[in-house]
Amino acid sequence: MGLLTPGIGLLFWMFLTFLVLLFILGKFGWPVVLRMMKNREESIKQSLEAADKAKQEMQQLQCDNEQLLKQAQQERDQMLKETKILKEKIIEEAKESAQQEAQRIISAARETINYEKLHAMTELKNEIANLSIEIAEDLLKHELSDKQKSNEIIEKKISEVKL
């Protein structure tokens, strides 16, 4: 018997060993292997479902992020618009306040000018009156020093009064 042609006895024992091994594997090994393969298949299936679910969630989150971004941009635009309106309002109020303050200052200046003008006119009148009185005194002193002339003036005034 050679290596290439085995004997009948060897074939019988090899076949019997193969059947026993097949029986043992069929009884104890294959169910475990099949169960592990089924578990592995379920695990892969669950992983794929989880991946699909995560992908859907990511798409949903991306849509939500886009919506939030659009909303944030709208809010920013609204805030900028409100800020611009507020700025214009503040500027307008400042202009009005400045105009009112300018009017108040102008009015106060006019009143001061009028007061100073009246005061100056009063002083000028007083000075003119004092000067007139001094001139009249000097004239009267000169004219009254002459008795005859002063009698004439008195008589003339008396005649004017009687008329």
Side-chain angles (χ1 to χ4, degrees), residues 21-146 149-150 152-163:
L21 183 62
L22 190 61
F23 174 74
I24 291 173
L25 282 176
K27 183 80 172 161
F28 300 108
W30 285 112
V32 172
V33 170
L34 289 175
R35 191 175 32 228
M36 285 175 49
M37 287 180 62
K38 189 172 185 176
N39 288 343
R40 177 73 177 147
E41 182 181 341
E42 287 294 322
S43 163
I44 290 171
K45 188 176 179 182
Q46 288 175 355
S47 295
L48 288 174
E49 288 175 358
D52 286 340
K53 186 177 179 182
K55 184 178 177 183
Q56 289 175 353
E57 288 177 3
M58 287 297 291
Q59 289 175 346
Q60 182 64 34
L61 286 174
Q62 188 176 11
C63 289
D64 290 345
N65 284 342
E66 289 175 4
Q67 288 177 350
L68 286 174
L69 182 61
K70 286 180 183 178
Q71 185 179 3
Q73 288 174 345
Q74 289 174 349
E75 288 177 5
R76 181 200 66 193
D77 291 343
Q78 181 67 25
M79 290 174 78
L80 287 174
K81 185 186 243 183
E82 290 174 0
T83 304
K84 185 177 179 182
I85 291 171
L86 183 61
K87 177 187 85 167
E88 290 173 359
K89 183 179 177 184
I90 290 172
I91 289 172
E92 189 64 32
E93 288 176 358
K95 284 180 182 179
E96 288 178 15
S97 175
Q99 286 177 346
Q100 290 175 355
E101 184 65 20
Q103 290 296 330
R104 187 188 65 76
I105 291 171
I106 289 171
S107 296
R110 284 184 180 154
E111 287 177 17
T112 304
I113 289 170
N114 285 336
Y115 173 75
E116 291 295 326
K117 182 180 171 184
L118 288 174
H119 184 67
M121 288 178 75
T122 305
E123 281 186 25
L124 185 61
K125 286 179 183 178
N126 288 339
E127 286 293 322
I128 290 174
N130 287 338
L131 187 58
S132 296
I133 291 172
E134 286 177 13
I135 291 172
E137 280 181 3
D138 285 344
L139 284 174
L140 285 175
K141 283 181 187 177
H142 264 331
E143 287 189 19
L144 291 179
S145 59
D146 188 16
K149 221 175 191 184
S150 42
E152 288 175 9
I153 292 174
I154 293 173
E155 285 186 21
K156 183 179 177 186
K157 285 293 178 185
I158 292 175
S159 65
E160 286 178 7
V161 171
K162 288 184 180 178
L163 292 176

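Sequential numbering from 1 along the given sequence is applied to the chain's residues. This is a predicted model, so every value here is computed, not measured.
- Put simply, the side chain of Glu92 does not reach to within 4.5 Å of the side chain of Glu88, judged on heavy atoms.
- The distance from atom CD of Glu66 to atom NZ of Lys70, rounded to the nearest 0.5 Å, is 6.5 Å.
- In this structure, Glu42 does not pair ionically with Lys45, as no charged nitrogen and carboxylate oxygen lie closer than 4.0 Å.
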Does the side chain to side chain donor-acceptor pair (under 3.5 Å) test come out yes or no for Gln103 and Gln99, once each step is laid out? CA-CA 6 Å; Gln103 290 296 330; Gln99 286 177 346; over 6 Å; no

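- Residues Gln60 and Asp64 bring a donor and an acceptor atom of their side chains to less than 3.5 Å of each other.
- Taken from CD1 in Ile113 to CD1 in Ile106, the straight-line distance is 10.0 Å, to the nearest 0.5 Å.
- Here CZ of Arg40 is found 7.5 Å from OG of Ser47. Values are rounded to the nearest 0.5 Å.
- In plain terms, the two heavy atoms of Pro31 and Gly26 that are nearest each other are CD-O, 3.3 Å.
- Put simply, CD on Gln74 and CD on Gln67 are 10.5 Å apart, with the number rounded to the nearest 0.5 Å.
- In this structure, Asn126 and Glu123 have side chains that are not in contact, with every pair of non-hydrogen atoms separated by 4.5 Å or more.
- Residues Arg76 and Leu80 form a side-chain contact, since some pair of their non-hydrogen atoms from C-beta on lies under 4.5 Å apart.
- Atom-to-atom distance recorded for Met37:CE and Ile44:CD1 is 9.5 Å, nearest 0.5 angstrom.
- The closest donor-acceptor contact from the side chain of Ser97 to the backbone of Glu93 lies at 3.5 Å or more, if one exists at all.
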Going through the checks in order, is the side-chain contact (heavy atoms from CB on, under 4.5 Å) test met by Glu111 and Asn114? CA-CA 5 Å; Glu111 287 177 17; Asn114 285 336; 5.7 Å; no

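- The line from CG of Asp52 to CD of Gln56 is 6.5 Å long, rounded to the nearest 0.5 Å.
- Checked by atom type and distance alone, the side chain of Ser43 never pairs as donor or acceptor with a backbone atom of Asn39 at under 3.5 Å.
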